[in-house]
There are 2 protein chains.
Amino acid sequence: MDFYQEKKPVLVALDCIIFGFDKKELKLLVIKRDFEPSKGNWSLVGGFLQPDEDLDISAKNLLQHLTGLSNIFMEQLHCFGNVQRDPGERVISVAYYALIKLEEHDQELVESHNGKWFTLDEMPDLIFDHNEMIMKALQRLRQKARYQPIGFELLPDKFTIPELQLLYEVIHQTNFDRRNFSKKILSKGILKKLNEKQKETSKKGAFLYKFDKKKYEALVVKGFNFEL
Amino acid sequence: MDFYQEKKPVLVALDCIIFGFDKKELKLLVIKRDFEPSKGNWSLVGGFLQPDEDLDISAKNLLQHLTGLSNIFMEQLHCFGNVQRDPGERVISVAYYALIKLEEHDQELVESHNGKWFTLDEMPDLIFDHNEMIMKALQRLRQKARYQPIGFELLPDKFTIPELQLLYEVIHQTNFDRRNFSKKILSKGILKKLNEKQKETSKKGAFLYKFDKKKYEALVVKGFNFEL
DNA sequence: TATATTATGTGTCTAAGATACACTTAATTT
DNA sequence: AAATTAAGTGTATCTTAGACACATAATATA
């Protein structure tokens with residue numbers, strides 16, 4: 001059964017770019033690396049592919065291990081494979097990015113792993129090609145947010161239209177007209193209006209909405225394309 | 001220097017989905033596999049990552065080896081990593097897709113490697129998860145063609161508007177109105193009209209154009225977005 | 001108690017772009 | 001000389017994006 005006898009295996013790492021939104025800014029989770037090489041430096045959450053684990057499963061496990069979350073939006077980003085990317089030895093890394101709802105994750109667990117959330121501005125230098133990974137993930141997030149309703153993955157289950165708008169403004173680094181934004185997003189017919197109001201941010205309070213995933217998926221089948 | 005001593009390396013394969021356009025249909029290049037397992041079955045062009053080669057370089061070399069082409073559009077598609085995807089042993093595969101100009105590639109070289117071009121309809125069953133890879137590459141091509149001028153990678157340097165339209169119709173499996181299509185594509189200002197006519201397909205003949213890459217890139221810098 | 005303040009919610013007008021559609025032109029075939 | 005075929009171009013209409021203004025709910029302030 002040794003079909004590929006003469007081929008040389010290499011180490012396969014997994015790295016994960018984890019996005020969160022704290023109602024004001026986009027944040028990324030990084031950790032202080034606790035093993036050599038580059039021990040003590042900031043790094044993406046990472047690990048190694050186990051020979052008996054599917055790649056995607058391995059990535060999910062990695063994330064669950066750090067945040068306590070399962071069932072989150074997670075997608076493969078890119079496989080980084082330059083020869084010298086890891087000074088330790090030849091390691092290629094398959095990077096994933098995840099969008100999580102900040103209020104649902106296990107803060108203590110994160111802290112116990114020396115994890116910390118940074119905004120892009122505050123982000124320290126990371127090891128190896130991890131800065132590059134973040135840049136690529138950001139591009140992907142921006143691109144993807146334009147034609148798929150992934151913004152909701154970063155918000156609580158219940159959110160207001162102004163909150164949603166702010167998120168998209170932060171992602172795309174721009175400003176939208178309030179009236180046009182709500183008109184557009186509501187016209188898609190993929191939001192369920194609730195009878196509750198969120199009163200934390202304004203005197204008047206804003207109505208809460210939920211993303212109607214089933215309705216969205218039904219529309220997609222009919223050829224609907226989300227586009228912001 | 002043995003930092004990752006306890007980690008287990010795995011084999012990393014490379015597979016390439018190669019698209020071509022023969023003035024009528026979209027085609028894909030596959031080969032008859034000449035080694036076990038699954039020897040004699042149809043497969044994507046593939047190989048193994050060499051420990052001393054960058055991943056991207058390795059993929060380019062693979063393609064050049066088979067088609068004789070360098071300097072072609074090639075992008076990483078996805079890393080496929082299910083445990084049982086290769087019955088031989090644990091092998092993860094980084095898939096790339098390439099868009100090539102059919103008339104420029106080395107036909108004899110391809111044939112000497114048992115390569116053959118198939119349309120999607122005629123495509124035989126491929127080994128392992130290669131069918132899945134093709135499906136994913138197709139999705140990517142369709143998605144990408146919508147907002148980036150990659151169609152030109154599949155056409156000769158000189159092409160006519162009707163040819164370009166047909167290509168996009170084939171990619172998107174739809175029909176466009178001739179007048180609206182040419183109006184739209186010409187309005188982008190990224191095509192150079194030549195003083196020659198292509199007379200093979202019609203009595204009247206159609207003017208030849210070239211994709212003006214420099215102009216396109218200059219426009220991109222100014223915030224221009226190609227969108228079909 | 002009345003008024004000011006602040007963010008939310010909604011309606012309209014305009015301009016630009018997408019789409020539908022018809023005639024002319026160049027060159028070959030009959 | 002007439003018919004055929006694909007190419008090239010113009011216009012009218014409809015939809016959508018974008019700019020913009022006023023009304024509303026609830027608290028804060030005078």
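Here the structure is a predicted model, which means the values were calculated and not measured.
- Rounded to an integer number of Å, the gap from CD of B:E169 to P of D:dA6 is 14 Å.
- Look at CG on B:L208: it is 18 Å from P on D:dA6, rounded to the nearest Å.
- Ring planes of A:F176 and A:H172: perpendicular class, angle over 60° (limits at 30 and 60°).
- Rounded to whole angstrom, the span from the CD atom of A:E163 across to the P atom of C:dG9 amounts to 11 Å.
- Between the side chain of A:R178 and the base of C:dA7 there is no donor-acceptor pair of N/O atoms closer than 3.5 Å.
- Distance CD1 (B:I185) to C1' (D:dA7): 17 Å, rounded to an integer number of Å.
- Relative ring orientation between A:W42 and A:F118 is described as perpendicular, the plane-to-plane angle rising above 60° on a 0-90° scale split at 30° and 60°.
- The interatomic distance linking A:N175 (CG) with C:dA7 (P) rounds to 15 Å, in whole Å.
- Atom CG of A:D177 and atom P of C:dT8 are 13 Å apart (whole Å).
- Between B:H105 and B:W117, the ring-plane angle classifies as perpendicular under the 30° and 60° cut-offs.
- Taking atom CZ on A:F159 and atom C1' on C:dT8, their separation rounds to 16 Å, with Å as the unit.
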| task | Could you give me the CA-CA distance, side-chain angles and deciding distance for A:Q198 and A:E163, then say whether side-chain hydrogen bond (donor to acceptor under 3.5 Å, both in side chains) is met? | result | CA-CA 10 Å; A:Q198 142 85 269; A:E163 278 168 1; 3.0 Å; yes
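- In this structure, B:S202 and B:L186 both approach DNA chain D, and ranking their closest nucleotides by distance from the 5' end singles out B:S202.
- No close placement of the A:F80 and A:F128 rings is indicated, their centers lying 6.0 Å or farther apart.
- The residues A:D22 and A:K24 are annotated as not salt-bridged, no charged nitrogen and carboxylate oxygen being separated by less than 4.0 angstrom.
- No hydrogens or angles were tested; on distance alone, a donor-acceptor pair under 3.5 Å links the side chain of A:R179 to the base of D:dA21.
- For the helix from C:dT1-D:dA30 to C:dT30-D:dA1, the rotation axes defined at the first and last 5 base pairs enclose an angle of 10°, given to the nearest 10°.
- Whole-Å rounding puts the B:Y209 OH to D:dA7 P distance at 12 Å.
- Taking the ring pair (Phe, Tyr, Trp, His ring centres under 6.0 Å) definition, one finds that B:Y97 meets it with B:F73, sequence neighbours left out.
- A cation-pi contact, defined as under 6.0 Å to the ring centre and within 45° of the axis, links B:K188 to B:F226.
- Taking 3.5 Å as the limit, the base of D:dA7 and the side chain of B:K204 contain a donor-acceptor pair of atoms between them.
- For A:Q139 and A:Q143, the side-chain atoms include no donor-acceptor pair closer than 3.5 Å.
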For nucleotides 16-19 of chain C, print each protein N/O atom paired with a nucleotide N/O atom at under 3.5 Å, atom names and distance only.
from	atom 1	to	atom 2	distance (Å)
C:dT19	O4	B:K183	NZ	3.2

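- Residue A:K203 places a side-chain atom within donor-acceptor reach of the base of C:dT5, judged by atom type and a 3.5 Å distance cut-off alone.
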